[in-house]
Protein chains: 2
Amino acid sequence: MASRTWQTVRFDWNQARAFLVTAEEGSLSAAARALGLTQPTLGRQVAALEEALGVTLFERLGRSLSLTEPGLELVDHVKAMGEAAGRMSLAASGQSQAIEGQVCITASDLLSVYHLPPVLERLRCIAPEIEVEVVASNEIRDLKRREADIAIRHVRPEQPDLIAKHVRDTTAHLYAAPAYLERHGRPSTVEDLVDSVFVAAGQPDRYLADVRSSGLPLTKANLKYMSDSGVMAWEMVKQGLGMAIMFRDVAELTPEVENVVPDFGTVPVPLWLVTHRELRTSRRIRLVFDVLAEALARDGST
Amino acid sequence: MASRTWQTVRFDWNQARAFLVTAEEGSLSAAARALGLTQPTLGRQVAALEEALGVTLFERLGRSLSLTEPGLELVDHVKAMGEAAGRMSLAASGQSQAIEGQVCITASDLLSVYHLPPVLERLRCIAPEIEVEVVASNEIRDLKRREADIAIRHVRPEQPDLIAKHVRDTTAHLYAAPAYLERHGRPSTVEDLVDSVFVAAGQPDRYLADVRSSGLPLTKANLKYMSDSGVMAWEMVKQGLGMAIMFRDVAELTPEVENVVPDFGTVPVPLWLVTHRELRTSRRIRLVFDVLAEALARDGST
DNA sequence: CTCGTGATATACAAGAATGCATGGCAAGCC
DNA sequence: GGCTTGCCATGCATTCTTGTATATCACGAG
């Protein structure tokens, strides 16, 4: 094949990568952090690309850089490169038949803290070469962008690229610590809750909407404590600051709390295990997925 | 932005490039030649990519490598990367406002040899910083793959991505050297040509088809000499080996030949200047394009 | 069968890219 | 205004990559 054929791809692709991440992140320093490199390196790579292409990509105005007009023309193409690179990386992980290597699991912090440790130990017995990274976060990670390999969710994902397994269902009930109940009284019906103190996890407004759809007559006035961390919120409940709705299996692992208004039954909460379609073919991720599925399902039957 | 967002593009993109070119070229050595690198370098880059992805891309069986099944799955994605890279490179050349740098022109060898030298000298006077590379080849180069920046053609290109300027028309006539005419007689009508000796350029079959569509009653028996090089073919005519159809302006620069059967007029032959749409915005290429257009048009009027 | 060609793998030296440290600068905040 | 913070640019030591030369191997021709 004629060597001129490859004239167009002869430029340094890592410099293109530097350009892409810098443009998306908005600064060389941020791009360096994102790529695990240093700011001088990124600066030099971008400068070298500008030199090679004969195009000024960024306007240096003191603190921050902004794309020039020619840079704007090019950034779409390099984005396309990046998307192809992402698909390639994803497919590669799927093709990897190695049993050792990293697997990244994401779950809410509560799920992580209360359910994952025993599962991970079990996984370690089965496949000690697998390194597990747990992203315990309540923000939903994008599996398509490979922000995690496996996600544990309470909702069924809609995207067709994702495959999901319905592991089991749990239920949510009302719980409080004895210290709280002695101070505020022991409610026996839902109507008794109008003056109660609740601990909310996540966004207050969203929490309120969820709670009311399950039949509790709460208002913003009831939410005295809140945290984006579910573990933190639950800790506040344990220490008697307020009541909360909690999954039954988590509450049963928490001797400090007791069930309140036992005849209040909320909607069942499903547990979904989600991964990307491409990753099904990976032995490593498939193994973790199956172990998680089996362990979490059994966990709920206890 | 979360750093995990870029997890998928953290791998070495130059290694992806090595993978792409190796897969397309079929060997590390060929890929090294294509990229202007060396075979050990390509070998190490591919090996490092296999290591990083945890996937064996090529099967080493002695002399040549072949893609493994996982490699086949990945090669499409890296091809997409390469195509995006090509588009980026093309767009970058278009955005480049630098007047210095390379411009690659392709034309048939005859056109190159007979018309280009004075034009290039004129170009050098106007813009001495431009480096011109002439690909004198009768194979049609793919402008979309950037195998050249500007092409001089005798046919109007069809692709919408290309822009073409009709520079001028010339005509083709019959020519031979006196030595030939003295040996074979001086034909006065088209019918006298049935036993004549012709020199063909390019593919014999295609040449014959073109020639017969212009009204000459030739058969394969008339084509005694042929060459893929138009210059070589014309040289044979000059030395009296046979007759040929030739563009008028080329023949007029060749005192060794004379016009035969002057009342035989073939169809006019157009001259098109072609470039890629993306390259219109490049000052450098635009300049070369305009100088070529002006010089070639004037050339024909003499 | 031997040899030639063209391929991949390896050893070592030269070169280039990287990281660290620093300096300078602009913007936001007491 | 002075201070802090976060950014980009540059000098220097180090690491890593690349290229050269060479060994080895497979296939095909004579």
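Residue numbers start from 1 in every chain, and the chains themselves are labelled A, B, ... in the order their sequence lines are given, proteins ahead of strands. Atom set for the values below is all heavy atoms of this structure, side chains included, hydrogens, waters and symmetry mates excluded.
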Note to self: Just to verify, what does B:Arg277 make a side chain to side chain contact (heavy atoms under 4.5 Å, CB included) with, not counting sequence neighbours?
What the structure shows: B:Ile163

Margin query: Measure CG/A:Leu35 against P/C:dA17 and give the value in whole Å, please.
Written below: 17 Å

Next item on the list: Give the rounded distance in Å between these two atoms: CD of B:Glu50 and P of C:dT8.
Entry: 13 Å

Notebook entry, point to check: Whole-Å distance between C:dA26 P and A:Arg60 CZ?
Noted result: 16 Å

Note to self: Just to verify, what does A:Glu235 make a side chain to side chain contact (heavy atoms under 4.5 Å, CB included) with, not counting sequence neighbours?
What the structure shows: A:Lys238, A:Gln239

Next item on the list: Quick one, give me the B/S/- string for nucleotides 15-22 of chain D, reading 5' to 3', where B means a protein heavy atom under 4.0 Å from the base and S means that only happens at the primed atoms, P, OP1 or OP2.
Entry: ---BBBB-

Next item on the list: Rounded off to whole Å, could you give me the CG-to-P distance for the B:Leu65 and D:dA26 pair?
Entry: 14 Å

Next item on the list: Tell me, with the steps shown, if B:Arg280 and B:Phe289 meet side chain to side chain contact (heavy atoms under 4.5 Å, CB included).
Entry: CA-CA 9 Å; B:Arg280 265 210 105 120; B:Phe289 191 93; over 6 Å; no

Next item on the list: Can you tell me the distance, in whole Å, between the CD atom of A:Glu51 and the C1' atom of C:dA17?
Entry: 16 Å

Check: Are OP1 or OP2 of D:dG6 and a side-chain N or O of A:Arg33 less than 4.0 angstrom apart?
Finding: no

Next item on the list: With sequence neighbours left out, write down each residue that passes side chain to side chain contact (heavy atoms under 4.5 Å, CB included) with B:Ala52, or none if nothing qualifies.
Entry: none

Next item on the list: Measure the distance from CD on A:Glu59 to C1' on D:dC8 and round it to the nearest whole Å.
Entry: 15 Å

Next item on the list: Determine which pairs satisfy salt bridge (charged side-chain N to carboxylate O under 4.0 Å, His left out) with at least one residue from residues 197-208 of chain A, sequence neighbours left out, and list them in order.
Entry: A:Asp205-A:Lys220

Next item on the list: Would you classify A:Ser29 as touching base, sugar-phosphate or nothing, given that sugar-phosphate means primed atoms plus P, OP1 and OP2, and contacts are heavy atoms under 4.0 Å?
Entry: sugar-phosphate

Check: Considering residues at least two apart in sequence or located in another chain, which fulfil the side chain to side chain donor-acceptor pair (under 3.5 Å) criterion with A:Trp234?
Finding: A:Tyr114, A:Thr254

Notebook entry, point to check: B:Leu42 has an atom CG; how far is it from atom P of C:dT10, in whole Å?
Noted result: 16 Å

Next item on the list: Please state how far atom CG in A:Leu28 lies from atom P in D:dA9, giving the value in whole angstrom units.
Entry: 6 Å

